[in-house]
Amino acid sequence: SLLQEIMVYGPLGPLVGALDQGTSSTRFCVFAAETSQLVTFHQVQVELQSPHKGWVEQDPQELLDSSITCINSTVDKLKKLSVDPADIVSIGVTNQRETVVVWDCLTGSSLYPAIVWSDLRTRDMVTSLNMSSRSSMVQARSGLPIATYFSAVKLRWLLDSQDNVAAAHDDGRLLAGTVDSWLIWNLTGGVESGLHLTDVTNASRTGLMNIHTQTWDIQLATFYGVPLKIMPRILASGDMFGMLEMTSLVGVNITGCMGDQQAALVGHCCTSPGMSKVTMGTGCFLLTNVGVRPIMSNSGLISTVAFKLAGGPTFFGLEGSVGCAGQALDLLNVGLGMAREEVVDLQEEEDGCGGVVIVPAYGGLLCPRWRPDAGGVILGLGLHTRPRHLVRATMEGVGHMLREVWDCMNTDLVRSDIDIPEQLFVSGGLASSDNICQVVATMLDIKLVRPTMLETTALGVAMVSGHTSGVWTLTGMASTVDTFLPSLNTMARLRKIDQWEQAVQASLAWGEQKEASKERTISLESSLPGTVWLFSTAAIVLLSMAAQQG
């Protein structure tokens, strides 16, 4: 390219940076554009808060500060490696999707904690919206169902329940967006010169973008009650998102922006229709490139934008998400003190779970069931049960949830005359575990391929940024080091699927029971005179205390 002809680079050639802001951590990676080699990186953990049951929040300032720290620390590491940071041609930004931030454009301060994608506070709103006579048009226009998962209902909640957010809107001070928009606005100058932008992949996860036109949709905005004037301008994934005005890389252009799962798809070189990947981290996300026309799922999956390179067509994807994967293992590891390594080898013992089945629906069930009321369930405990059985059953529970998504994916692909993939690429933090990869390969009954570079999210957005800057050619396949094949015979696998289905029904029944119990309580409270309710409740409490003392 012209840029390469003018510039003189060090021995690694042109470099591209990738800022990867995820749910559990932030990292900044630097890659060599000519070899895809990871040169160095820096990573910082970020905290999740849960102030109420089902609520999940993060501090927007922490997300920004951790990003700045990671960029600056990575630059310091480059210097220690005798690599000139001036060789960084551009950077890309990739991020946890659906999570929303609202801020004041005059002060630059966030007006409320970031509401994370897995947050469930909008359950009642979603139930009400789904009962609307206009609800059927939502998925037809956006590709997404009405669910707590997506950004629109989170924004509606903020406007309805937070006076400072409503006041900022009324005064014309309110800006909103997903995490990428918040970071780019700040990194390009904030109050002074910040650019309020997003890309098509992130916009396609809000519920407010028309997937067919890739523009904000007035009908969707009206349905959700979200004013479009607070939303960022939509660009291609590969485009000019401004120049860094802070960090050690002041003056470097941001030329790529993608949601994390779409970035991982590119990182796996799944740039042709029919290629699929699964990323296993906090949650699990299975995404298939379906080409240049969106496919509307009949099976409970969602239609999303896969990527759009500078000057190129928009590629679309079918996606299914599992909300709780790494978090489910963390619950056992941190909450109950069990070691993840305490797992038997599936090839040594058919039932490494010891008869235990776990449905890790700790934040409800996402695709394809869309049941936020579902509860986590553990069945089959016995005196023989050991910690390793629970760890293994949790892994298999994640595998079963992915299998449900994969089965739906195959159904939709066949219906759309797209060949079912013969292999599935895997990456993400959990993919470093051979045991988990083996479980997933077995449950999905497919060859699972793990590449050398597990952090394909950062690699993917670096590839898009470098492509936009003219220093990276998007060709070739990701190198592989490990392949995992199914290890159970058909009958054994079907038995596990049957047990899983029974456990899921228990999970769904538990959710229905909780809702019915809540309705009965409300009905009882409203039917009793206030004084009778007060004194009868007090009497029950006193009797309970007396019984305990006795």
Side-chain angles (χ1 to χ4, degrees), residues 24 277-286 320-363 365-367 374 376-382 384-407 424-450 454 482-488 492-504 506-507:
S24 57
K277 68 88 195 174
V278 59
T279 303
M280 303 192 299
T282 304
C284 290
F285 306 90
L286 208 161
S321 306
V322 170
C324 203
Q327 283 184 325
L329 290 168
D330 287 340
L331 175 67
L332 298 178
N333 182 234
V334 178
L336 301 179
M338 299 179 189
R340 292 189 186 185
E341 296 77 17
E342 208 169 353
V343 181
V344 295
D345 192 320
L346 186 64
Q347 294 177 351
E348 294 179 5
E349 184 179 346
E350 177 185 311
D351 192 8
C353 303
V356 176
V357 180
I358 294 180
V359 181
Y362 305 133
L365 291 171
L366 293 179
C367 300
V377 168
I378 303 177
L379 297 177
L381 294 176
H384 68 286
T385 303
R386 297 293 180 265
R388 68 177 186 272
H389 296 134
L390 300 181
V391 177
R392 183 50 171 249
T394 297
M395 290 183 177
E396 290 200 5
V398 172
H400 277 296
M401 290 192 289
L402 273 173
R403 176 189 52 76
E404 291 187 346
V405 172
W406 185 241
D407 289 347
L424 180 63
F425 293 100
V426 63
S427 61
L430 289 185
S432 61
S433 165
D434 288 356
N435 284 306
I436 294 176
C437 288
Q438 184 61 66
V439 165
V440 171
T442 297
M443 292 303 160
L444 273 60
D445 196 28
I446 193 172
K447 181 170 72 173
L448 204 65
V449 178
R450 185 172 63 188
L454 284 179
D482 291 304
T483 298
F484 300 87
L485 298 174
S487 60
L488 281 184
R493 180 171 175 271
L494 289 177
R495 280 196 298 271
K496 284 185 174 289
I497 292 173
D498 182 62
Q499 291 176 337
W500 165 259
E501 189 58 38
Q502 294 179 53
V504 169
S507 169

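Distance check: L488 CG to D445 CG gives 9.5 Å after rounding to the nearest 0.5 Å. Summarising the geometry, atom SG belonging to C353 is positioned 8.0 Å from atom NE2 belonging to H389; distances are rounded to the nearest 0.5 Å. Distance check, rounded to the nearest 0.5 Å: OG1 of T442 to CZ of R403 gives 12.5 Å. To the nearest 0.5 Å, atoms CD1 (I358) and CG (L379) are separated by 9.5 Å. Taken from NZ in K277 to OG in S427, the straight-line distance is 6.0 Å, to the nearest 0.5 Å. The CZ atom of R493 lies 11.5 Å from the NZ atom of K496; values are rounded to the nearest 0.5 Å.
When all heavy atoms are compared, the tightest approach of V356 to A393 is O-CB, 3.6 Å. The two residues S321 and L366 come nearest to each other via the heavy atoms O-CB, 3.3 Å. Nearest heavy-atom pair, V322 versus L402, reported as atom, atom and distance to 0.1 Å: CG2-N, 3.9 Å. When all heavy atoms are compared, the tightest approach of A328 to T394 is CB-CG2, 3.7 Å. The minimum heavy-atom distance between L444 and G399, with the atom names listed, is CD1-O, 3.8 Å. When all heavy atoms of C437 and M280 are compared, the closest pair comes out as SG-CE, 4.3 Å.
Looking at V449 and D482, their side chains never come closer than 4.5 Å, going by heavy atoms from C-beta outward. Annotation: side chain of V398 is in contact with side chain of C284 (closest heavy-atom distance under 4.5 Å). The shortest side-chain heavy-atom distance between I497 and E501 does not fall under the 4.5 Å cut-off. The shortest side-chain heavy-atom distance between L424 and W406 falls under the 4.5 Å cut-off.
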(request) Quick one: do L454 and V426 satisfy side chain to side chain contact (heavy atoms under 4.5 Å, CB included)? Show the steps, please. (result) CA-CA 8 Å; L454 284 179; V426 63; 6.0 Å; no

(request) Start with the C-alpha gap between R450 and D434, add the side-chain angles, then the distance that decides, and say whether salt bridge (Lys or Arg N to Asp or Glu O under 4.0 Å) holds. (result) CA-CA 10 Å; R450 185 172 63 188; D434 288 356; 2.8 Å; yes

(request) Could you please spell out the steps behind the side chain to side chain contact (heavy atoms under 4.5 Å, CB included) verdict for V439 and R392? (result) CA-CA 9 Å; V439 165; R392 183 50 171 249; 3.7 Å; yes

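Looking only at distances, no side-chain donor or acceptor of K447 sits under 3.5 Å from a matching main-chain atom of A441. Side-chain atoms of H384 come within 3.5 Å of backbone N or O of G354 as a donor-acceptor pair. Without hydrogens or angle criteria, S433 side chain to L430 main chain gives no donor-acceptor distance under 3.5 Å.
Tested against W500, the residues M401, E396, M443 include a single side chain to side chain contact (heavy atoms under 4.5 Å, CB included) partner, M401.
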